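As the structure lists them, so they are numbered: ligands from 1, and atoms in each ligand from 1. Fair warning: this is a prediction, and the values are worked out from it, not measured in the lab. We use all heavy atoms of the structure for the numbers below, so side chains are in, but hydrogens, waters and symmetry mates are not.
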Amino acid sequence: MADKKPLKQYLMIPGPTPIPTRILSAMNHEMIGHRGPVFSRILGEVIDGLKWAYQTKNDIMVFPCSGTGGMETAVVNTLSAGDKAFFVNVGNFGDRWVKIAKTYGVDVTELKVERGKACDPKALAAELAKDKGKEFKAIFMQQNETSTGVINDVKALSEVAHKSHPDALVLVDAVSGLLAEDLKTDAWDLDVVVSGSQKAFMVPPGIAAVSMSKKAWKFYETSTLPKHYWDIKNQKKFADKGQTYTTPPESIIFGMHEAIKMVQEEGMENIFNRHKTNKNIIRNGLRAIGCRLLADDACASPAVTAIFPPGDIDGEKVRSEMRRFGFELAPGQGDLKGKIFRIGHLGYVDYMELVATVGALELLFNELGSKVEIGTGVKAALAEIK
Ligand code: PLP
């Protein structure tokens, strides 16, 4: 149907998200000395802003890397080879944390939850209760599992974990969840929280932030896993001077500096509500045109939705055909490749882009033989915009 090539790419993937002009402009800055006072002030303000977003007074260190570097940082700074650790695994990023830990010789026990479901706090309690000797030193979990579009109830899981294993740490990968959904680092007693720049902060990929509670710092002192680049105490030494250990990705830091201003101007509740509406536009719009969604409403992610196309339409075909209209969607990962496609709706994504995505899918599914009255999905999607 499209008789010309699209002029732009509509980035409907769960990170990197589109970047607002304000952030792009802030990044369009000459390099400055990263051991000088101007950079120190900027980095200090970025870290203060991260503390606001994390809702914490804990230390936060910034690493030049993607989110996975932050996940590795969390492991190598708290554990030693042979330590027993427990992993709540609801999807591919749960698998990733397990792989990282095994690489370093951590003794892993995992609760592998059916893909598309969140971890039931009762199931976690039951699994942890099997560890009679209370040997688990750490309990790892994702806030938002990007591969399945599922959000965990971190508050409840953390409560269960601390109650069962009061001496253990709770570590949370909040890379795709932070600012899309509430995460109270201090109030929920989260010892280590990892995030990345390219998600709800609306900044390009390039930095991961890792928070450490006082208890996590105690674990650091006894942790013997090898580390150099990821040594968080070394990073803190530099953070205290308003610096990073290595040469920082300055453009990303300038972008984060502006992003912090933007999210603080918008306000946390407004940001959460915006993501909730994004989720509802996609879920209700797509349900109206015959799609099945992988996650139930009760654990549906405000950041990303995993979708089974109607009938026997292949998920990868949906992605390649949607490029004709300029839409870039995300693939299914692991066993779900081809079965589903995913739509990211976090960060700098606006309601009408989501409505248009539903509209384009409606056209495409019709072309591919699914009989749905044109306008049905768009109408359902629009109804979510109050
Ligand atoms: N954790 C989650 C939940 C993610 O969604 C991602 C990336 O999408 C990562 C970790 C890894 O981040 P990165 O790809 O930046 O290394």
Review point. Looking only at side chains, do Thr305 and His345 share a donor and an acceptor under 3.5 Å apart?
Key: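 Looking only at side-chain atoms, His345 and Thr305 do form a donor-acceptor pair, the distance falling under 3.5 Å.
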Using a 4.0 Å heavy-atom cut-off, say whether [X] meets ligand 1 through its side chain, its backbone, both or neither.
{"X": "Val175", "value": "side chain"}
{"X": "Arg96", "value": "side chain"}
{"X": "Val194", "value": "neither"}

Review point. Any N or O on Glu145 sitting closer than 3.5 Å to an N or O of ligand 1?
Key: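 The answer is no, given that Glu145 and ligand 1 share no N or O pair closer than 3.5 Å.
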Check your understanding: Does Thr68, backbone or side chain, put an N or O under 3.5 Å from an N or O of ligand 1?
Key ->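 It does: an N or O of Thr68 is found under 3.5 Å from an N or O of ligand 1.
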Element-labelled atoms of ligand 1 that are located less than 4.0 Å from some non-hydrogen atom of [X]:
{"X": "Gln198", "value": "13 (P), 15 (O)"}
{"X": "Gly67", "value": "12 (O), 13 (P), 15 (O), 16 (O)"}
{"X": "Met71", "value": "10 (C)"}
{"X": "Thr146", "value": "2 (C), 3 (C), 4 (C), 5 (O)"}
{"X": "Asn144", "value": "3 (C)"}
{"X": "Ser66", "value": "13 (P), 15 (O), 16 (O)"}
{"X": "Ser176", "value": "3 (C), 5 (O)"}

Review point. With a distance cut-off below 6.0 Å to the six-membered ring centre and an angular limit of 45° from the axis, does Arg292 pair with Phe308 as a cation-pi contact?
Key: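 Yes, a cation-pi geometry holds between Arg292 and Phe308.
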Check your understanding: Run the salt bridge (charged side-chain N to carboxylate O under 4.0 Å, His left out) check on Lys218 and Glu221 step by step: do they pass?
Key -> CA-CA 5 Å; Lys218 285 204 183 111; Glu221 294 306 331; over 6 Å; no
Check your understanding: Is a side-chain donor or acceptor of Asp131 paired with a backbone partner of Phe136 at a separation under 3.5 angstrom?
Key ->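 Looks like yes, one N/O pair under 3.5 Å.
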Check your understanding: Are the side chain of Ser80 and the backbone N or O of Thr224 linked by a donor-acceptor pair below 3.5 Å?
Key ->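 Yes, because the side chain of Ser80 sits within donor-acceptor range (under 3.5 Å) of the backbone of Thr224.
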**Study point:** Residue, atom name and distance, where the atom is the protein heavy atom closest to atom 6 (C) of ligand 1
**Key:**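 Going by distance alone, atom 6 (C) of ligand 1 is nearest to Phe93 CE2, 3.3 Å.
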Check your understanding: Which residue holds the protein heavy atom closest to atom 1 (N) of ligand 1, what is that atom called, and what is the gap in Å?
Key ->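 Answer for atom 1 (N) of ligand 1: Asp173 OD2, 2.6 Å.
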Review point. Any non-hydrogen atom of Lys199 lying under 4.0 Å from ligand 1?
Key: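 In this structure, Lys199 qualifies as a contact of ligand 1 - some heavy atom is under 4.0 Å.
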Review point. Where does the angle between the aromatic ring planes of His29 and Phe254 fall among parallel (under 30°), tilted (30 to 60°) and perpendicular (over 60°)?
Key: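 Answer is tilted, since the angle falls between 30° and 60°.
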Exercise for review: If the plane angle is over 60° it's perpendicular, under 30° parallel, otherwise tilted; pick one for Tyr245 and His228.
Suggested key: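 Perpendicular: the ring planes of Tyr245 and His228 meet at over 60°.
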Check your understanding: Counting heavy atoms not belonging to Tyr10, are there more than 12 under 6.0 Å from its OH?
Key ->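 Open: at most 12 neighbouring heavy atoms sit under 6.0 Å from OH of Tyr10.
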Exercise for review: Only one of Asn92, Asn89, Asp335 passes side chain to side chain donor-acceptor pair (under 3.5 Å) with Arg115; say which it is.
Suggested key: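 Answer to the side chain to side chain donor-acceptor pair (under 3.5 Å) test with Arg115 among Asn92, Asn89, Asp335: Asn89.
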Review point. Mind checking what makes side chain to side chain donor-acceptor pair (under 3.5 Å) contact with Asn278, not counting sequence neighbours?
Key: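 For Asn278, no residue satisfies side chain to side chain donor-acceptor pair (under 3.5 Å) once neighbours in sequence are set aside.
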